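Following: one structure in structure tokens, then a few remarks.
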Amino acid sequence: MASITHPRRHPLQLTAHQINDVWQNTWVMLIALGAVIAFLMPLGYMGTTAFKTIQQIIDPHSVLLPSSPMTYNYQGKDYTLYQVPTEQGIRTLALVEPGREESGWIDPANPAAGIITWVGRWRTLEPVYEIRPTLDNFPRAWDQINFPRLFRNTLFISLSSTLGAVISSIFVAYGFARFRFRGKNTLFLLLMASIILPTQVTLIPQYIFFRSIGWGGTWLPLIVPHFFANAYNVFLLRQYFRGIPRDLDEAATIDGANPLRILFSVIIPQSWSALTAVSLFHFFWAWNDFFTPLVYLQGNPELYPISVGLTEFTNAFTTQPGLAMAAAMMTLALPAVLFFSAQRAFMQGIVITGVEK
């Protein structure tokens, strides 16, 4: 009986299914790359504009990078270089005698040859550009915006509110994760329901209350309320605390530890990644908060954080975007350093608190 043999496929030959997978992966990568580029475009604009002079900003040829026309010094004077089409091809020449239909040029490679006459309209030629960033925007913005004062104010507000938010959230999350009491689930649902409560609903009552007790025009409304926990932070920490084995609690209880000692000696040492994530979340929020300081610190510029001070600076210097972008880059410096320094612990805390162990 004759046997049926199948043709052997070449090792490098792909099946239709594999080709389809390659195309799908390629499209996914292209879409992701496009999303990343779209997300980073404002940061790219800020980064390039911060290093531009006002002449580079208004120059239509210097759109992306901080570039300026190249010049050549001839007889003690600087002349702009252009790409000039000649019989020998495109040459880089310096315009020394501009004219309407005929101009005089100098060849930087051979200045001893003297002036070269070129017939044509020099305004139609493309100048030669070179990347020439400037750092002058940073010290100017530093002095004009009074950046040290704004930085100290923002750092104090952010650190104080973060400390209060983390400490209070630890105790509340520990209670929901480890203790059994009547109405616990109902209280937790009410706490989570406060997330959907718009800030505008509580703004006026809070403002009236804080003004009535004399906290208007101070940092207290920006710091003290965070010592009463936050629903987001409580939820993240509760999820993480529930993932810690209760056997550790029982072992500590056998050794004579009370609930408070268990919290400090067992729970917190096992939760540094989650605590780092919560701390960074709140710190970044407090660092960028604009609306709350604007409401409570209006008329007290010596207490303004960076968000409010930078806005007033930008409004005053709308004709000099380079200064505004330089100030914005200095504002982002500390949060960026913190994020990349604690990136591993931050991402680990986000992943673990989002799923049940």
Side-chain angles (χ1 to χ4, degrees), residues 19-68 126 129-135 137-138 141 145 154 158 195-196 198-200 232 236 276-294 305-315 317-355:
I19 294 175
N20 187 38
D21 290 342
V22 170
W23 275 108
Q24 289 181 355
N25 294 335
T26 303
W27 278 109
V28 171
M29 291 181 60
L30 290 177
I31 294 174
L33 181 61
V36 170
I37 293 175
F39 179 78
L40 295 179
M41 281 180 64
L43 295 178
Y45 172 79
M46 178 187 66
T48 56
T49 307
F51 294 95
K52 286 184 178 182
T53 62
I54 189 64
Q55 290 78 14
Q56 292 173 341
I57 293 175
I58 64 178
D59 190 347
H61 295 90
S62 180
V63 178
L64 298 178
L65 299 177
S67 55
S68 300
E126 291 289 336
Y129 279 79
E130 64 176 349
I131 298 177
R132 193 183 301 167
T134 180
L135 298 176
N137 292 329
F138 292 91
I145 199 178
T154 310
S158 301
I195 296 177
I196 64 175
T199 306
Q200 292 77 5
Y232 295 99
L236 292 177
T276 301
V278 169
S279 300
L280 290 180
F281 267 133
H282 188 87
F283 181 85
F284 295 153
W285 176 86
W287 186 272
N288 297 321
D289 187 21
F290 169 76
F291 184 72
T292 308
L294 182 66
I306 286 179
S307 56
V308 180
L310 186 60
T311 302
E312 290 193 345
F313 175 79
T314 304
N315 295 334
F317 291 89
T318 54
T319 59
Q320 300 186 38
L323 296 180
M325 296 301 104
M329 285 195 65
M330 291 188 293
T331 302
L332 291 176
L334 180 61
V337 171
L338 287 178
F339 175 77
F340 288 108
S341 300
Q343 183 179 10
R344 177 175 298 181
F346 177 77
M347 297 304 298
Q348 183 180 2
I350 293 301
V351 172
I352 295 178
T353 53
V355 295

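Note that the structure is a prediction, hence the values are computed from the model and not measured. Only this structure's heavy atoms are used, side chains among them; waters, hydrogens and symmetry mates stay out.
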Holding to side-chain contact (heavy atoms from CB on, under 4.5 Å), I want the full list of residues that pass it with S341, two or more places apart in sequence or in another chain. V337
Spatial distance of atom CG (L43) from atom CE (M325) [nearest 0.5 Å]: 11.0 Å
Report the residues that fulfil side-chain contact (heavy atoms from CB on, under 4.5 Å) with L33, sequence neighbours left out, ordered by chain and then residue number. I37
Residue list, ring pair (Phe, Tyr, Trp, His ring centres under 6.0 Å) with Y45, at least two apart or on another chain: none
Could you pull out the closest heavy-atom pair between V308 and P293, with the gap in Å? CG2-CB, 3.9 Å
Partners of P42 by side-chain contact (heavy atoms from CB on, under 4.5 Å), sequence neighbours excluded? none
Any sub-3.5 Å donor-acceptor pair from W287's side-chain atoms to L332's backbone N or O? no
Applying side-chain hydrogen bond (donor to acceptor under 3.5 Å, both in side chains) to S68 and not counting sequence neighbours gives Q56
The reported gap from CZ in F283 to CG in L338 (rounded to nearest 0.5 angstrom) is 5.5 Å
Is L323 close to F313 at the side-chain level, that is, under 4.5 Å between some pair of heavy atoms? yes
Sequence-distant partners of F51, ring pair (Phe, Tyr, Trp, His ring centres under 6.0 Å), two or more places apart: F138
Which atom pair, heavy atoms only, marks the closest approach of T331 to L310? OG1-CD2, 3.9 Å
Tell me if a side-chain donor or acceptor on D59 pairs with a main-chain N or O of Q55 at a distance below 3.5 Å. no
All side-chain contact (heavy atoms from CB on, under 4.5 Å) counterparts of T26, not counting sequence neighbours: V22, L30
Over 12 non-hydrogen atoms of neighbours within 6.0 angstrom of OH in Y232: no
Once side-chain hydrogen bond (donor to acceptor under 3.5 Å, both in side chains) is applied, do any residues pair with T292, and if so which ones, sequence neighbours excluded? D289
Considering non-hydrogen atoms only, spot the tightest contact between I145 and A141 and give its length. CG2-O, 2.8 Å
Quick one: list whatever passes side-chain hydrogen bond (donor to acceptor under 3.5 Å, both in side chains) with T134, sequence neighbours left out. D136
Restricting to non-hydrogen atoms, name the atom on T314 and the atom on A324 that form the minimum distance, rounded to 0.1 Å. OG1-CB, 4.0 Å
For residues T48 and L64, determine if any side-chain heavy atom of one lies less than 4.5 Å from a side-chain heavy atom of the other. no
Rounded to the nearest 0.5 Å, what's the gap from OG1 on T49 to CD on Q320? Could you check? 13.5 Å
Return the set of residues passing salt bridge (Lys or Arg N to Asp or Glu O under 4.0 Å) with E312 (not counting sequence neighbours), or none when no residue passes. none
Qualifying residues under side-chain hydrogen bond (donor to acceptor under 3.5 Å, both in side chains), relative to S67, sequence neighbours excluded: S62
pair P133-L135: side-chain heavy atoms closer than 4.5 Å: no
With rounding to the nearest 0.5 Å, note down the distance linking CG in N137 to OG1 in T53. 8.0 Å
